[in-house]
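Down below is the structure, laid out as structure tokens.
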Number of protein chains: 2
Amino acid sequence: MTSAAGDNAFNVTLAVEHAGTLTAIEETVRAYSAPFGYDRFVLFSATAARDEVVERIYWVEGDWFDDGECVDADTYIRRCPMTHHILEAKEPFFWTKTQGKKGEQYRVVRAPRGDGIHGLQIPVFGPLGLEGAMSLGGERINASSTVRLALTLVATAAFCAARRLLEAPVAEMSSQLSNREKEVLAWIAAGRRQADIAATLGLSQRTVENHLRRIRQRLGATTTAQAIRIAVHRGDIER
Amino acid sequence: MTSAAGDNAFNVTLAVEHAGTLTAIEETVRAYSAPFGYDRFVLFSATAARDEVVERIYWVEGDWFDDGECVDADTYIRRCPMTHHILEAKEPFFWTKTQGKKGEQYRVVRAPRGDGIHGLQIPVFGPLGLEGAMSLGGERINASSTVRLALTLVATAAFCAARRLLEAPVAEMSSQLSNREKEVLAWIAAGRRQADIAATLGLSQRTVENHLRRIRQRLGATTTAQAIRIAVHRGDIER
DNA sequence: GTACGTATGAGGGTTATACCTCAATCCGCT
DNA sequence: AGCGGATTGAGGTATAACCCTCATACGTAC
């Protein structure tokens, strides 16, 4: 069984990568994970730059809240506290829902057991951190390390494939900063304000503003502060 | 002569460090540099965070513009373009003023020669970059490497001593960030806005704002962007 | 007990930055 | 010639950050 999970995972992952429709992705993942007890799925794009972690839900399926009903996207977002836990996660984690004195509680666990819903949450990271996640749930799930690794492979491929299919291709922009852009960003990192940089360089403040916008786009940063951290990391500006 | 410059420099530097008044600093520096042809002086605190480099002039003396008059502080600031060059300087540099077709021009040179005023500009750097500078000028100056090094020693000590004497002591605040402060700054560096961080941490936005102010004070930063660069450099947050 | 530092919160207000979108010029390359 | 990228600039507007100052509560050390 464990050997089958590992052997087959690569084929499944490749199949997902080459899937031509979201439906094909769903079917492939569903078929692969069903033998391990997973019959609930949610796949979404995410970002750490906003408090609402979930940007877009690509796929949600199954009775997630054990109330006999398949859940819709909005309900899932509002009710599942495990989603929020992704902000602190560095790797996939199992969670379990227990019925305690204070009502239902979700906990991160190593080995989910007992009645109720359990799940595996798999964050997908990219160059700028969190990009998305997949969550798989069930009542009697195989939570072995092999299955965890296999599902991580498959889920990551599913996320990337879904994103490829569903997100409009963004016109490629070079991520390489021009010399002028580096210069402007270095001044910002030195504590200068836009107006002062403009005066120093003999530009309009609007130009400095536009350079910074361009810089953020190139680096995929939400804020200029983030852009500085990224640029330092890449060696574009000095620490 | 060169050996005398080097041997005596340390004594002079120590004397400057222990000087009890700005007058004593001036007298010591003046006496030391006169044999090398320097008879014009300006000592000032500076910052790279503003386009007006000069923050405060501690000492200005001599006929800086060769018009037979000792210059006052405001005139020096307005007329000397070499001051601005400090923003790009990483080390002390000699400059010379030439009379060209377009009027008088200042140039950075390795060996000042010819008629007119020459000088040595010595930036003083600290943990956050440029903190001040001293400029020494004359018409026939000794621009040897030994004198340059010696004067750098003395001038740096002069700047620090003058600052100690003239700037009001600021109540010492620990520069060590608290855990909460590090946490808040890490979120900023990850691209989160203050309002979002507040929601994530369960605080008021005003509290986040206050943490950031505290962070900037501790790190001696003018802007939050600068604080991020400093914190990355110090290892307080991850790159 | 007192003093200090951290954490939290805010009144009242100003400044700076950022968003969306458009545009022109110059240069290098095909 | 056309095209793309870098550089520069902006209209109109909204959002976010920041400033100065004040305050309370809690924990720790002396």
Side-chain angles (χ1 to χ4, degrees), chain A residues 47 49-52 168-231 236, chain B residues 47 49-52 168-231 236:
Chain A
T47 173
R50 242 176 293 279
D51 200 39
E52 307 89 38
V170 178
E172 286 287 315
M173 174 188 286
S174 165
S175 69
Q176 183 78 8
L177 298 185
S178 71
N179 288 334
R180 194 57 140 174
E181 286 161 354
K182 287 179 189 170
E183 187 177 19
V184 168
L185 195 60
W187 277 123
I188 291 281
R192 298 289 284 275
R193 299 182 191 281
Q194 294 178 3
D196 294 331
I197 296 166
T200 294
L201 301 181
L203 309 176
S204 151
Q205 184 180 333
R206 301 307 305 271
T207 301
V208 173
E209 200 178 298
N210 287 321
H211 280 313
L212 288 168
R213 184 179 303 108
R214 196 82 168 158
I215 288 165
R216 291 194 296 275
Q217 286 168 353
R218 288 198 199 282
L219 300 181
T222 304
T223 64
T224 299
Q226 188 186 16
I228 286 173
R229 180 177 62 86
I230 293 164
D236 283 336
Chain B
T47 175
R50 244 178 292 279
D51 199 38
E52 308 89 35
V170 178
E172 286 288 316
M173 173 188 287
S174 166
S175 68
Q176 183 78 5
L177 297 185
S178 71
N179 288 335
R180 195 56 142 176
E181 285 160 356
K182 287 178 190 171
E183 188 177 18
V184 169
L185 194 60
W187 278 123
I188 291 281
R192 299 290 285 276
R193 299 182 191 279
Q194 293 178 6
D196 294 331
I197 297 166
T200 295
L201 301 180
L203 308 176
S204 151
Q205 184 179 336
R206 301 307 303 270
T207 300
V208 173
E209 200 180 296
N210 286 321
H211 280 312
L212 289 169
R213 184 178 304 111
R214 196 83 168 157
I215 288 164
R216 292 194 295 274
Q217 287 168 352
R218 288 198 197 282
L219 300 182
T222 303
T223 64
T224 299
Q226 188 186 16
I228 286 173
R229 179 176 62 85
I230 293 164
D236 283 335

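Sequence lines set the chain letters: A, B, ... in the order given, protein chains first and strands last, and positions in each chain run from 1.
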Closest nucleotide among D/dT7, D/dA6, D/dG9 to the A/Arg180 side chain: D/dT7
Distance, rounded to the nearest Å, where B/Ile228 contributes CD1 and C/dT17 contributes P: 14 Å
Side-chain donor/acceptor contact of B/Arg206 with base of C/dG12 under 3.5 Å: yes
Sugar-phosphate, base or nothing in reach of A/Arg213, heavy atoms under 4.0 Å: base
Given DNA chain C, 5'-ward residue of the pair B/Gln176 and A/Ala195, judged by closest heavy atom: B/Gln176
Short side-chain N/O contact to D/dT15 OP1/OP2 from B/Arg193, under 4.0 Å: no
Atom-to-atom span, CD1 of A/Ile215 to P of C/dA18 - whole angstrom: 10 Å
Derivation of the side chain to side chain contact (heavy atoms under 4.5 Å, CB included) call for B/Asp236 and B/Glu181: CA-CA 10 Å; B/Asp236 283 335; B/Glu181 285 160 356; over 6 Å; no
Atom-pair distance (CD on A/Gln205; C1' on C/dT15), nearest Å: 11 Å
Presence of B/His211 side-chain N/O under 4.0 Å of C/dA7 phosphate oxygens OP1/OP2: no
Separation between CG of B/Leu212 and CZ of B/Arg214, rounded to the nearest 0.5 Å: 13.0 Å
Closest-nucleotide 5' rank along DNA chain C - winner of B/Arg214 and A/Gln217: B/Arg214
Sugar-phosphate, base or nothing in reach of B/Thr224, heavy atoms under 4.0 Å: sugar-phosphate
Distance test, side-chain N/O of B/Thr223 to OP1/OP2 of D/dC18, below 4.0 Å: no
Main-chain N/O of A/Thr222 paired with A/Gln226 side-chain donor or acceptor, under 3.5 Å: yes
Quiz item: B/Gln194 side-chain donor-acceptor pair to D/dC18 base, under 3.5 Å: no
Spacing of A/Leu203 atom CG relative to D/dT7 atom P, expressed in whole Å: 10 Å
A/Ile188 CD1 to D/dC18 P, straight-line distance once rounded to whole Å: 12 Å
Any A/Arg216 side-chain N or O less than 4.0 Å from OP1/OP2 of C/dC19: yes
B/Leu212 CG - C/dG9 C1' separation (whole Å): 15 Å
Atom pair distance, as rounded to whole Å: CG in B/Leu201 and C1' in C/dA7: 12 Å
Worked verdict on B/Arg216 versus B/Thr224 for side chain to side chain donor-acceptor pair (under 3.5 Å): CA-CA 6 Å; B/Arg216 292 194 295 274; B/Thr224 299; 2.9 Å; yes
Heavy-atom side-chain proximity of A/Leu201 to A/Trp187 below 4.5 angstrom: yes
Side chain to side chain contact (heavy atoms under 4.5 Å, CB included) between A/Gln176 and A/Lys182, intermediate numbers included: CA-CA 10 Å; A/Gln176 183 78 8; A/Lys182 287 179 189 170; 4.3 Å; yes
A/Thr207 vs D/dG9: side-chain N/O to OP1/OP2 distance below 4.0 Å: yes
Length of the CD-P vector between B/Glu209 and C/dT15, whole Å: 16 Å
Any donor-acceptor N/O pair under 3.5 Å between C/dA10 base and B/Asn210 side chain: yes
A/Ser178 vs D/dT7: side-chain N/O to OP1/OP2 distance below 4.0 Å: yes
